Q: 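What follows is a structure written as structure tokens; I'll ask about it next.
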Amino acid sequence: MAHSTHTLEKGAAKAAPAAAVYSIRRPRSATAKKMFPYLLVGPAVLYLLAITLYPGLFAMYQSLFVVKFVNWSWAGLGNYTRIIQDREFWAALANTAIIGGLSLSLQTIIAMTVAFYCYRDPFVRGWRIVFLMPMLFMPSAVAFIWKLAFNDGRVISDLLMSVGLVSNNVDWLSSVWLARLTLIVADVWQWTPFLFIIFVGALQGQDEEIEEAARLDGASWGSIFWNISLPMMRPIIVVAVTLRGIDITTMFTNVYIMTQGTPGGATETMSYFIYRQGFRMFNFGYASAASVLMLLITIVIAQTIVKRAFKSGKS
Amino acid sequence: MASVRKSGGDNLLVRYIILVSWAMVCLVPILWFLTIGFRPRTEIIVPEPIYWPTWSLDAWRLLVSDWPIALYLRNSILAVAGSVVIDLVLAIPAAFALARYEFKGREDIGFYILSTRMMAPAIVAVPIFFLFKNIGLLDSVWALMLIYAAINLSLVTWIIRSYMLDIPKELEDAARTDGAGDLTILWEIMIPACLPGIITAAVIAAIFAINEFLFTLLIASTSKAYTMSVALANFTGGSDGVIYNAIALVSFIAFAPILILVILIQKHLSRGLTMGAVKG
């Protein structure tokens with residue numbers, strides 16, 4: 001705090017001589033003044049429009065065609081009527097929800113438990129760095145770590161065999177739930193730190209005097225957590241879990257490297273479905289239709305859950 | 001105070017069992033993967049896992065001789081650094097406007113910027129591919145730079161906006177009565193005062209850019225524009241399968257600088273990761 005005030009003073013002191021130069025300038029007109037904030041925010045907004053609105057419109061347009069390399073033939077709403085009857089599309093949507101939902105719940109529970117047990121520990125700074133590490137690996141590398149551990153190197157099977165949980169090698173890609181489990185493990189391992197670091201920060205920032213007072217009244221650590229900390233953290237939890245939840249729905253890298261959707265599409269997520277339709281099967285019109293549908297879902301979620309989460313987070 | 005610290009978690013044994021177990025879950029795969037980087041290929045993809053390998057520098061030799069690792073590094077650094085610069089140039093003025101000016105549509109513009117973060121990369125993957133194809137930027141580091149900048153712009157803007165909101169208005173008012181113009185205030189007061197926020201935003205944007213996978217996969221079709229993240233996925237040698245020891249080495253080359261950067265901004269990390277929504 002002391003440090004930042006210092007910088008502030010320096011900033012103010014430096015501003016004074018420069019101000020003299022600006023005061024000779026003629027005062028700006030009222031319109032110029034009104035336009036100024038738009039000029040500031042304009043470049044960023046234009047950049048984002050170019051990379052979201054343009055592609056969004058392009059996808060909508062392309063989704064009305066059957067695209068075979070350079071040939072675009074008009075299909076009207078054909079891609080959409082096909083897609084809503086496509087079992088693979090609904091499976092991808094369901095997989096995304098199942099894998100994402102389980103993964104997000106596990107991450108939230110683990111992150112909260114670990115944060116609860118370490119936030120007043122004398123070594124909390126050390127724990128924070130250790131628990132953060134998985135998040136700092138490139139996601140593609142993490143996918144390979146778990147691909148090797150589960151499939152190619154058989155390490156997990158071997159460890160499970162040595163403690164007697166399974167009797168022979170497990171083929172993780174042979175069953176729907178085992179394959180999903182490998183994706184969940186990889187995601188939980190890499191991203192629990194995201195929630196942990198936010199939760200532990202919130203707990204550490206909590207007023208110690210309230211805790212102390214409750215302790216003196218004989219409250220147990222657990223009851224302080226349930227009755228005081230958790231309700232106070234609610235807005236923070238909502239924001240953190242919302243952000244993580246959004247990222248989980250975009251899961252692609254792990255699927256691409258670890259399972260490629262096997263067995264029988266049971267691990268294909270929405271992102272992988274779009275990728276496969278577009279860049280493996282070259283059904284660009286069809287992939288665009290799927291993109292548009294996913295965009296609609298995103299907009300609905302953003303307008304409802306996210307808007308509310310960020311409003312409550314700020315207060 | 002001391003009593004709170006000592007009795008925390010009520011049962012010390014339970015507390016340390018949980019913390020040590022989770023620490024092992026975090027660290028053991030990393031350490032094991034590190035040993036993968038220093039063992040010969042014959043000891044990686046095997047029917048029976050080998051826990052005590054013969055040490056070797058095979059992977060390192062292979063990386064240097066068979067793969068243009070320096071080029072991947074250069075691509076990563078160039079694309080990531082360039083994208084962060086673009087982000088800061090666009091985001092700082094935008095954040096200033098959102099934090100300090102009353103104007104029509106401010107809330108909506110702010111939320112629009114935020115909402116671009118919610119968009120799954122796959123949604124725009126096909127159109128972006130065609131866009132870059134049409135302007136002849138496929139397989140180019142410049143395209144990656146532009147994409148990474150777009151992915152992180154919302155995050156950078158919101159983080160910096162959050163730090164600017166914390167700067168006391170009096171400071172600005174004082175300068176304004178001295179006749180300072182808007183841009184002077186931004187440059188001489190706001191930027192120095194929210195420097196920690198700017199650095200945090202830059203570090204987090206850099207990490208997300210280093211990690212980016214889907215767009216890089218689509219845009220970089222040859223090793224000319226491969227970044228480390230996507231180069232990894234191509235370390236396969238035909239019949240030899242995935243070359244895990246090289247993958248492990250490259251992933252640690254990227255891990256080390258990220259770890260250092262993150263430790264430097266540790267205090268600001270949770271605020272940065274929540275785009276400024278959580279202070280603490």
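All values reported here derive from a predicted model rather than from experimental measurement. Side-chain atoms are counted along with the backbone in the values below, which use heavy atoms only and exclude waters and symmetry mates. Proteins get letters first, then strands, A, B, ... in listed order; numbering begins at 1 in each.
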Q: Can you tell which part of Ile109(B) gets under 4.5 Å to a heavy atom of chain A, answering side chain, backbone, both or neither?
A: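 Side chain only.
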Q: Using heavy-atom distances under 4.5 Å, tell me whether Trp187(B) contacts chain A through its side chain, its backbone, both, or neither.
A: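 Nothing of Trp187(B), per the 4.5 Å heavy-atom cut-off to chain A.
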Q: Please tell me if the side chains of Trp32(B) and Ile145(A) come closer than 4.5 Å, counting only heavy atoms from C-beta onward.
A: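 Of all side-chain heavy-atom pairs linking Ile145(A) with Trp32(B), at least one is under 4.5 Å.
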Q: Checking heavy atoms, do the side chain of Tyr38(A), its backbone, both or neither come under 4.5 Å from chain B?
A: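 Contact with chain B involves the side chain of Tyr38(A) alone.
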Q: Which region of Lys147(A), side chain (C-beta onward) or backbone (N, CA, C, O), has a non-hydrogen atom less than 4.5 Å from a non-hydrogen atom of chain B, or is it both or neither?
A: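 Both parts, backbone and side chain.
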Q: Quick check on Ile185(B) against chain A: is it the side chain, the backbone, both or neither that has a heavy atom closer than 4.5 Å?
A: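 Contact with chain A involves no heavy atom of Ile185(B) at all.
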Q: Between Val46(B) and chain A, with a heavy-atom cut-off of 4.5 Å, which part of the residue counts as in contact: side chain, backbone, both or neither?
A: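 It is the backbone, since no side chain atom gets that close.
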Q: Kindly indicate whether the side chain of Phe213(B), heavy atoms from C-beta on, has any atom under 4.5 Å from the side chain of Ile257(A).
A: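 SC-SC contact between Phe213(B) and Ile257(A) confirmed.
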Q: Return the option, out of Ile191(B), Leu131(B), Leu218(B), with the maximum number of heavy-atom pairs under 4.5 Å with chain A.
A: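 Counting heavy-atom pairs under 4.5 Å, the top option is Leu218(B).
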Q: Could you give me the CA-CA distance, side-chain angles and deciding distance for Phe279(A) and Phe129(B), then say whether ring-ring contact (aromatic ring centres under 6.0 Å, His included) is met?
A: CA-CA 10 Å; Phe279(A) 297 94; Phe129(B) 175 80; 5.0 Å; yes
Q: Apply side-chain contact (heavy atoms from CB on, under 4.5 Å) to Phe96(B) and Val41(A), showing your working.
A: CA-CA 8 Å; Phe96(B) 183 45; Val41(A) 85; over 6 Å; no
Q: Please classify the contact between Asn151(A) and chain B as side chain, backbone, both or neither, with a heavy-atom cut-off of under 4.5 Å.
A: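 Contact with chain B is absent: no heavy atom of Asn151(A) under 4.5 Å.
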Q: Leu48(A) versus chain B, heavy atoms under 4.5 Å apart: side chain, backbone, both or neither?
A: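 Both backbone and side chain of Leu48(A) come within 4.5 Å of chain B.
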Q: Please look at Glu212(B) and chain A and tell me whether the side chain, the backbone, both or neither of the residue comes under 4.5 angstrom of a heavy atom of that chain.
A: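 No part of it gets close to chain A.
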Q: Measuring heavy-atom distances to chain B, does Thr192(A) have an atom under 4.5 Å in its side chain, in its backbone, in both, or in neither?
A: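 It is the side chain, since no backbone atom gets that close.
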Q: Closest approach of Leu243(A) and Thr274(B), non-hydrogen atoms and distance?
A: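 Smallest interatomic distance, heavy atoms only, reads CD1-CA, 3.5 Å.
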Q: Name the region of Ala149(B), side chain, backbone, both or neither, that has any atom closer than 4.5 Å to a heavy atom of chain A.
A: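 Its backbone and side chain both get close to chain A.
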Q: Non-hydrogen atoms of chain B under 4.5 Å away: do they reach the side chain of Thr298(A), the backbone, both or neither?
A: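 For Thr298(A), side-chain heavy atoms alone lie under 4.5 Å from chain B.
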Q: Using heavy-atom distances under 4.5 Å, tell me whether Phe225(A) contacts chain B through its side chain, its backbone, both, or neither.
A: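 Nothing of Phe225(A), per the 4.5 Å heavy-atom cut-off to chain B.
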Q: For a 4.5 angstrom cut-off between non-hydrogen side-chain atoms, does Ile246(A) reach Arg117(B)?
A: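 They are not in contact (no side-chain heavy atoms under 4.5 Å apart), so the answer is no.
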Q: Non-hydrogen atoms of chain A under 4.5 Å away: do they reach the side chain of Ile210(B), the backbone, both or neither?
A: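 Both parts, backbone and side chain.
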Q: Go through it in stages, so that I can follow the logic: the residues are Trp22(B) and Thr113(A), the test is side-chain contact (heavy atoms from CB on, under 4.5 Å), and I'd like the CA-CA distance, side-chain angles, deciding distance and then a yes or no.
A: CA-CA 10 Å; Trp22(B) 188 250; Thr113(A) 310; over 6 Å; no
Q: For Leu148(A), is it the side chain, the backbone, both, or neither that has a heavy atom closer than 4.5 Å to a heavy atom of chain B?
A: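 Both backbone and side chain of Leu148(A) come within 4.5 Å of chain B.
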Q: Between Thr249(A) and Met118(B), does the side-chain contact (heavy atoms from CB on, under 4.5 Å) criterion hold? Intermediate values first, please.
A: CA-CA 10 Å; Thr249(A) 60; Met118(B) 319 289 151; over 6 Å; no
Q: Minimum heavy-atom separation for Leu19(B) to Val114(A), with atom names?
A: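 Minimum heavy-atom separation between Leu19(B) and Val114(A): CD2-O, 3.8 Å.
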Q: Let me know if Leu217(B) has heavy atoms under 4.5 Å from chain A in its side chain, its backbone, both or neither.
A: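 The side chain, not the backbone.
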Q: For Ser229(B), is there any backbone N or O sitting under 3.5 Å from a side-chain donor or acceptor partner on Ser140(A)?
A: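 Indeed, once roles are kept as given, a pair shorter than 3.5 Å links the two residues.
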Q: Please report the shortest heavy-atom distance between Met138(A) and Ser251(B), naming the atom on each side.
A: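 Where Met138(A) meets Ser251(B) most closely, the heavy atoms are CE-CA, 4.0 Å.
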Q: What's the shortest heavy-atom distance between Ile198(A) and Ser270(B), and which atoms?
A: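 Shortest heavy-atom contact: CA-CB, 3.7 Å.
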Q: Has Phe123(A) got more than 12 heavy atoms of other residues, nucleotides or ligands less than 6.0 Å from its CZ?
A: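 No, CZ of Phe123(A) has 12 or fewer neighbouring heavy atoms, counting only those of other groups under 6.0 Å.
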Q: Which residue out of Ile258(B), Thr157(B), Ile92(B), Val230(B) racks up the most heavy-atom pairs below 4.5 Å with chain A?
A: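 With the most close heavy-atom pairs to chain A, the winner is Ile258(B).
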Q: Give a yes or no answer on whether the side chain of Tyr47(A) reaches the backbone of Leu146(B) with a donor-acceptor pair at less than 3.5 Å.
A: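 Looks like yes, one N/O pair under 3.5 Å.
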Q: Look at the rings of Tyr16(B) and Trp127(A) and say which category their plane angle falls in: under 30° parallel, 30 to 60° tilted, over 60° perpendicular.
A: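 Tilted, since the angle between the ring planes falls between 30° and 60°.
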Q: Between Ser154(B), Ser21(B), Ala233(B), Pro29(B), which shows the greatest number of heavy-atom pairs under 4.5 Å with chain A?
A: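 Winner by heavy-atom pair count: Pro29(B).
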Q: Would you mind checking which part of Ala23(B) comes under 4.5 Å of any heavy atom in chain A, side chain (CB onward), backbone (N, CA, C, O), both or neither?
A: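 Answer is both: backbone and side chain atoms of Ala23(B) are under 4.5 Å from chain A.
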Q: Is it the side chain or the backbone of Tyr272(A) that comes within 4.5 Å of chain B heavy atoms, both, or neither?
A: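 Neither part, no heavy atoms under 4.5 Å.
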Q: Measure distances from Ile110(A) to the heavy atoms of chain B and classify the residue's part below 4.5 Å as side chain, backbone, both or neither.
A: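 Just the side chain, heavy atoms under 4.5 Å.
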Q: Counting C-beta onward and ignoring hydrogens, is there a side-chain heavy-atom pair between Ile128(B) and Tyr54(A) closer than 4.5 Å?
A: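 Answer no - side chains too far apart.
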Q: List the atom of Pro55(A), the atom of Pro127(B), and the distance in Å for their closest heavy-atom pair.
A: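 Nearest pair, atom of Pro55(A) first, then Pro127(B): O-CG, 3.3 Å.
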Q: Which answer fits Ile113(B), side chain, backbone, both or neither, if we ask what part of it has an atom under 4.5 Å from a heavy atom of chain A?
A: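 Answer is both: backbone and side chain atoms of Ile113(B) are under 4.5 Å from chain A.
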Q: Search all heavy atoms of Ala122(B) against all heavy atoms of Ile274(A) and return the closest pair with its distance.
A: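 Minimum heavy-atom separation between Ala122(B) and Ile274(A): O-CG2, 3.6 Å.
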Q: Below 4.5 Å from any heavy atom of chain B, which atoms of Phe131(A) appear? Answer side chain, backbone, both or neither.
A: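 It is both, since atoms from each part get that close.
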Q: Heavy-atom cut-off 4.5 Å, strictly under: side chain, backbone, both or neither for Met228(B) against chain A?
A: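 Both parts, heavy atoms under 4.5 Å.
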Q: Taking the six-membered ring for Trp, are Phe255(B) and Phe137(A) parallel (under 30°), tilted (30 to 60°) or perpendicular (over 60°)?
A: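 Ring orientation of Phe255(B) relative to Phe137(A): parallel.
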Q: Drop me the distance from Met294(A)'s CE to Met119(B)'s CE, to the nearest 0.5 angstrom.
A: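 Spacing of CE (Met294(A)) from CE (Met119(B)) equals 10.0 Å.
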Q: Would you mind reporting whether Met135(A) and Leu273(B) have side-chain heavy atoms less than 4.5 Å apart?
A: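 When only atoms from C-beta onward are counted, Met135(A) and Leu273(B) do touch, with a gap below 4.5 Å.
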Q: Under a 4.5 Å heavy-atom cut-off, does chain A meet the side chain of Val156(B), its backbone, both or neither?
A: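 Answer is neither: Val156(B) stays 4.5 Å or more from chain A.
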Q: What part of Phe144(A) gets within 4.5 angstrom of chain B, counting heavy atoms only: side chain, backbone, both, or neither?
A: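 Both backbone and side chain of Phe144(A) come within 4.5 Å of chain B.
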Q: Show the numbers, then the answer: is there a side-chain contact (heavy atoms from CB on, under 4.5 Å) between Val124(B) and Ile51(A)?
A: CA-CA 8 Å; Val124(B) 288; Ile51(A) 225 90; over 6 Å; no
Q: In terms of heavy-atom proximity below 4.5 Å to chain B, should Tyr61(A) be classed as side chain, backbone, both, or neither?
A: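 Neither part, no heavy atoms under 4.5 Å.
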Q: Let me know if Ile18(B) has heavy atoms under 4.5 Å from chain A in its side chain, its backbone, both or neither.
A: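 Looking at Ile18(B), just its side chain touches chain A.
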Q: Given the options Tyr101(B), Tyr51(B), Phe111(B), which has more heavy-atom pairs under 4.5 Å with chain A than any of the others?
A: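 Winner by heavy-atom pair count: Phe111(B).
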Q: Between Phe103(B) and Phe36(A), does the ring centroid distance fall short of 6.0 Å?
A: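 So the answer is no for these two rings.
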Q: Out of Ile86(B), Val25(B), Ile36(B), Ile207(B), which one racks up the most heavy-atom pairs below 4.5 Å with chain A?
A: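 Option with the greatest count: Val25(B).
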Q: Which atoms of Ile44(B) come close to chain A, meaning under 4.5 Å heavy atom to heavy atom: side chain ones, backbone ones, both, or neither?
A: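 Looking at Ile44(B), backbone and side chain both touch chain A.
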Q: Quick one: what part of Ile301(A) sits under 4.5 Å from any heavy atom of chain B, side chain, backbone, both or neither?
A: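 For Ile301(A), neither part sits under 4.5 Å from chain B.
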